[in-house]
Protein chains: 2
Amino acid sequence: MALHDAQLVHQECSSCPIRHRAVCARCETDELERLEQIKYYRSYQAGQTVIWSGDRMDYVASVVTGIATLTQTMEDGRRQMVGLLLPSDFVGRPGRDNAAYDVTATTDLVMCCFRKKPFEDLMLRTPHIGQRLLEMTLDELDAAREWMLLLGRKTAREKIASLIAIIARRDATLKLRAAKGQITFDLPLTREEMADYLGLTLETVSRQISALRRDGVIHLEGKRHVTIPDFDRLIEEAGDDSDGGMVS
Amino acid sequence: MALHDAQLVHQECSSCPIRHRAVCARCETDELERLEQIKYYRSYQAGQTVIWSGDRMDYVASVVTGIATLTQTMEDGRRQMVGLLLPSDFVGRPGRDNAAYDVTATTDLVMCCFRKKPFEDLMLRTPHIGQRLLEMTLDELDAAREWMLLLGRKTAREKIASLIAIIARRDATLKLRAAKGQITFDLPLTREEMADYLGLTLETVSRQISALRRDGVIHLEGKRHVTIPDFDRLIEEAGDDSDGGMVS
DNA sequence: CGTCTTATTGACTCGTTTCAATTCAGGTGG
DNA sequence: CCACCTGAATTGAAACGAGTCAATAAGACG
């Protein structure tokens, strides 16, 4: 409610929560200053569409707080999520004028935006930005390939277990805790969004969550709050080899 | 047979068939000379494994001629292809020591290899390499996301139609012909490899190819040679919006 | 001409989807 | 404070698409 208009937030890069993970992570203080000059913030409330696929997009951005999704839609309405953006993740593509996917805020969202042209210019003069962006893009490509295995070959039950494990890990990373022992967190997605992530229907998602709960793999309080009594058991249900994509 | 040992092929970068599409595409002649000093060629015959997931990989490479695949395998043997590498595509990840996927030559294959350490050093001194690699990685990420839509939401028939359209387009790009009107090419993949690409079984692939042939969407001579009488019809069957990922 | 691999086809099974009916939780206003 | 309303989630029953298992066919090769 308080954030439905843009540009209400502002802060210094030096105290930014994503300072050391985002596209600016490798920048020296002088490079940061130049970025600081061209940046501005935008806020969206949960549920708002940030941009539609095909729309002109004259900026790129980092997610500062909150969660956003990238989705593709077919003419008949079938939807597939193709990206889940957490704090520090990058949105948009330098050198591209139009958005390739729908971007939606699933929680209240704050983004740190850079107008595309100045950002591209700065990239040419500041190798550290391009280097970090390459690293992040390669990470995303790895994640996408893990996701392809899930979509192409896993059963509904394994898909759900995998998603819960992914969220648990990311949550642990953000909170800087190890993803072992008793773990507790909130699902940031509705059943329908999970279905879009997993290539399932929301009914199947609901059924499989119920099944995992019945089997004691997860505990649920309300619809969103999850506790995982045994993380290894969850990983086993996900069908992953145990390392689980903890890419160095 | 003639190519089962490495280093049998060698040529100058200036006359290289992938000179203007690979990681080296943006390099000036002096930059190219430095690359030339650290490169070497490797050849594999069709069916050979280039590298196993998890193996140490002390080089990165470009595909010069032939086709390779990236696949992931679960413990119980389920396989999902996660990359289809054509001439000019890049293999390996700077900054990573072990292969993340199985790499297999599906046709006879020639790769232009760079030992990882010297390549990384050169990358730091040569922004053009990193810039091109970023561009290529972003393209791959887009392709992966298109692929995710296919895996998550398309029917078996749509998957087959999509794959044939993708191959037709790539074939047209390599031959520098427009992908319109009467199109003819060979499928570079076996039914099983197509199944691994599409998240299907080989039986379903076979059935759907037969169905598309019965319905006149494609013509088949032998098992591999395909003719497409009406490309728009094929695209329609693929369920894509007509632009079909011809991303600028 | 047999052998081996690759591909096709059929019959049946099973997992996920579809369609429909409740249930649940949160917020609003009487 | 409770009744009501709304959107989200759960659950059930039936339909359907893709998988499984098995038999046969078609090439490729020695």
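Within the 4.0 angstrom heavy-atom criterion, only backbone atoms of the sugar-phosphate kind lie near Leu200(B); the bases stay farther away. Contacts of Gly199(A) with the nucleic acid, taken as non-hydrogen atoms under 4.0 Å apart, involve only primed sugar atoms and P, OP1 or OP2.
In this structure, Arg153(B) places its CZ atom 13 Å from P of dT16(C), rounding to the nearest Å. Glu203(A) places its CD atom 17 Å from the P atom of dG7(D), with the value rounded to the nearest Å. For Asp186(A) and dA8(D), the CG to P distance is 17 Å, given to the nearest whole Å. Note: CG (Leu220(B)) to P (dA26(D)) measures 15 Å, nearest angstrom. In this structure, CG of Leu202(A) is placed 15 Å from P of dA20(C), rounded to the nearest angstrom. When the P atom of dC24(C) is taken as reference, atom CZ of Arg213(A) falls 11 Å away, rounded to whole Å. In this structure, CG of Leu187(A) is placed 15 Å from P of dA8(D), rounded to the nearest angstrom. Whole-Å rounding puts the Ile209(B) CD1 to dT6(C) P distance at 15 Å.
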N/O-N/O pairs, protein side and nucleotides 27-30 of chain D side, under 3.5 Å:
none

Using residues 51-66 of chain A as the side-chain source, report each donor-acceptor pair under 3.5 Å to any protein atom, sequence neighbours left out, with the distance given to one decimal.
| unit_1 | atom_1 | unit_2 | atom_2 | d |
| --- | --- | --- | --- | --- |
| Ser53(A) | OG | Ala100(A) | O | 3.3 |

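Crowding of Glu192(A) atom CD: a count of heavy atoms from other residues, nucleotides or ligands under 6.0 Å not exceeding 12.
Where Arg214(B) and Gln208(A) each meet DNA chain C at their nearest nucleotide, the meeting point lying more 5' is that of Arg214(B). Along DNA chain C, the nucleotide closest to Arg157(A) and the one closest to Thr190(B) are compared, and the more 5′ of them pairs with Thr190(B).
Judged by distance alone, the side chain of Arg145(B) and the main-chain N or O of Val82(A) form a donor-acceptor pair under 3.5 Å.
Side-chain contact check for Arg191(A) versus Leu200(A): every heavy-atom pair is 4.5 Å or farther apart.
At dT8(C), one or more side-chain N or O atoms of Ser206(B) fall inside 4.0 Å of OP1 or OP2 (strictly under the cut-off). Contact between the side-chain N/O atoms of Thr204(A) and the OP1/OP2 oxygens of dT17(C) is found at a separation under 4.0 Å.
Each side-chain hydrogen bond (donor to acceptor under 3.5 Å, both in side chains) pair with one or both residues in residues 219-229 of chain B, not counting sequence neighbours, appears once here: Thr184(B)-Thr227(B), Asp186(B)-His225(B).
For dT9(C), the base has no donor-acceptor partner in the side chain of Arg191(B) [N/O atoms by modelled type, under 3.5 angstrom].
Here dT20(D) is the nucleotide among dT17(C), dA7(C), dT20(D) with the atom lying nearest to any side-chain atom of Thr201(B).
In plain terms, the two heavy atoms of Arg93(B) and Asp142(A) that are nearest each other are NH1-OD2, 2.9 Å. Across all non-hydrogen atoms, the minimal contact from Gln208(A) to Arg157(A) is OE1-CB, 3.4 Å.
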